[in-house]
Amino acid sequence: MPMRLDFSTAITYLNLGVALGLPYAFYMYFTALRKRALLEAIPTVGHDGIFTSYITIWRYLFDGRALIEEGCRKYPGSAFKIPTIDGWQVVVNGHQMYDGLRRASEDELSTFEALDDLFKARYTMSPHLNDNPYHVDVILTSLTRNTAAKLDDIRDEIRQAFQDFIPATEDWTEYSNLPKLMPKIVVRVSNRVFVGLPLCRNKDWCDLNVKFTISVAVNALVIGLFPKFLHPIVGRIFSSRRSSLRRATKHLSSILKERMETESQNHGSGVEQSYEPNDLLSWLVDKREKIGEDWQKASVEDLSLRVIAINFAAIHTTSGFFTHALYDLAANPQLADPLRDEFTSVIESEGGWTKSAMSKMYMLDSFLKESARKGVASVSVIRIALQDFMLPNGIRLPTGTKVGIAAYHTHHSEKTYPAPDTFQVARFAEKGGNTRNCMTTLSEDWLTFGTGKHACPGRFFAVNQLKMLMGYVLLTYDVKFSEKQANFPHPLWFANTVIPNSSARVMFRRRKM
Ligand code: HEM
């Protein structure tokens, strides 16, 4: 029977709601006033009234780039603040400011705290992941060093994955929603190196790793809608971390146990660790003493979590980058021949798809870098101040302030990049082995991989993979936009992130010589 609410019960509920809601509203109001007062010395772009700031918060979601551009014009080489749904975001621009952020230590401006804030990582991934992020070191050292030995595997997996998802047909075949399709290819190729065969082709493993990133982002968004003091409760309710970890452990448990057993037997016995099989799992197991005294207790869960966390960092970044590059290739079909010629002549002179060959693809490097230059997020290098921090121009960031660099603005500076809105394939191309301008070299004008101690450790692996993906496409297919694709499919800039356009229609066919 439906429950009837009588008048006096309704009044009781109303009173209860007011009794609880009013103190909360006051708490929120005074917290907002206090936070704004702390940042008073930093100018605001948009509205900064406690209530009117919501107009800017809304605008930031869909037009953040324009707001940041306005801030950079008004305060060149300096800092300004913008109200966002996650609180105040301080944005800096200019080389001097870049240097200030680059040099800051983790104790001053924290990346881990910023990741936690952005992805609510302690609830969506693990409360302990960043206590000892030794997997970051494993990516930077073991993965980078071993990539050369894995290029044949990468190439093989690229071929297999493309055959499965974009078979080379005689006639043109149209594909839509590349942002959904490309992660399916990239997850296989990356996992050929992370976990090897046959797991890298396992549907459930691939599905888990493609969807884990999305579930973390969605969970974080939902948790962020609640006030911070409720996060420990809602963080448990709105998080799929346990089910994702269970799923990952199911796949990795027996493999990891076996690797740990072998590694323990060899540890200290003088037997040189030969990394057999030579993959990320072996490197993580081998280096697990870096966890500290407890390294032997490194559990299967701990290692499994690190593997899906690495996938989280690797898959959608690489596939988003690759999707943008494919759009740029389809929009500039005249570039296919020169890029293809460079690819074939370099692999011929270098004796195959080697690491040295990849490093000599100057035009391809420049093409990919130019594509990423245009499609960068509006804010990058996001940090949170763990103590009061003085910016190089004397502006003080109080403890707890979130700060980032205006990346889109930097990548579109007329001074650094003349005609910044045009696609210039040779903008970065340099012959003669000069690596100053290549994709993996960090600089104040190139923020795709961040900067400083926390710059992307996977960039060397990612760039090799991207060059091989692009090389495979160039040698195997002709690519163009469908006639239905009237305009260039610009990405969507949402708040401070960038998302590849999902409505574009791209046509592929087997390459006609
Ligand atoms: C094109 C592909 C990629 C892009 C655009 C990209 C971009 C980035 C950016 C912007 C950061 C933050 C840097 C900073 O705040 O200064 C980052 C961090 C990170 N990336 Fe990447 N990334 C890519 C691929 C990868 C891959 C393939 C891996 C792993 C194999 C990876 C692992 C990581 C990790 C672990 C961090 C955190 C580093 C730390 O906290 O010290 N990334 N990446």
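Numbering of ligands and ligand atoms starts at 1, following listing order. We're numbering straight along the sequence, starting at 1.
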Does the side chain of [X] pick up a donor-acceptor pair with the side chain of [Y] at under 3.5 Å?
X      : Y      : answer
Asp107 : Ser105 : no
Trp493 : Asp63  : no
Asn209 : Asn191 : no

Short list, please: which atoms of ligand 1 are under 4.0 Å from a heavy atom of [X]?
X      : result
Gly450 : 10 (C), 13 (C), 14 (C), 16 (O)
Thr451 : 16 (O)
Leu143 : 30 (C)
Phe321 : 1 (C)
Phe112 : 40 (O)

Quiz item: Which option, Cys456, Ala314, Ala325, owns the non-hydrogen atom nearest atom 27 (C) of ligand 1?
Solution: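 Comparing heavy atoms across Cys456, Ala314, Ala325, the nearest one to atom 27 (C) of ligand 1 lies in Ala314.
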
Practice problem: Tell me which one of Met439, Lys453, Glu106, His454 gets a heavy atom nearest to atom 41 (O) of ligand 1. | Solution: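 Ranked by closest heavy atom to atom 41 (O) of ligand 1, first place is His454.
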
Practice problem: For ligand 1, note which part of Thr317 has a heavy atom under 4.0 Å away: side chain, backbone, both or neither. | Solution: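 Thr317 to ligand 1: contacts from backbone and side chain alike.
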
Self-check item: Phe481, Phe508, Tyr327 screened by ring pair (Phe, Tyr, Trp, His ring centres under 6.0 Å) with Tyr175, the one that passes
Solution: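 For Tyr175, the ring pair (Phe, Tyr, Trp, His ring centres under 6.0 Å) test succeeds with only one of Phe481, Phe508, Tyr327, which is Phe508.
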
Pair [X] + [Y], salt bridge at N-O below 4.0 Å:
X      : Y      : result
Asp164 : Arg188 : yes
Arg201 : Glu157 : yes
Glu263 : Arg288 : yes
Lys211 : Asp207 : yes
Arg306 : Asp302 : yes

Write out the residue and atom name of the closest protein heavy atom to [atom], then the distance separating them to 0.1 Å.
atom                    : answer
atom 4 (C) of ligand 1  : Phe449 CE2, 3.5 Å
atom 32 (C) of ligand 1 : Ala313 CB, 3.5 Å
atom 37 (C) of ligand 1 : Pro457 CD, 4.2 Å
atom 28 (C) of ligand 1 : Gly458 CA, 3.6 Å
atom 7 (C) of ligand 1  : Thr448 O, 3.6 Å
atom 16 (O) of ligand 1 : Arg383 NH2, 2.8 Å

Quiz prompt | Sub-3.5 Å N/O-N/O distance, Thr318 and ligand 1 | solution =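 N/O-N/O distance below 3.5 Å does not exist for this pair.
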
Quiz item: Looking at ligand 1, does any of its N/O atoms fall within less than 3.5 Å of an N/O of Thr111?
Solution: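 No, since none of the N or O atoms of Thr111 sits under 3.5 Å from an N or O of ligand 1.
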
Practice problem: Could you go through the side chain to side chain donor-acceptor pair (under 3.5 Å) check for Glu350 and Ser356 one step at a time? | Solution: CA-CA 7 Å; Glu350 292 297 315; Ser356 143; 2.4 Å; yes

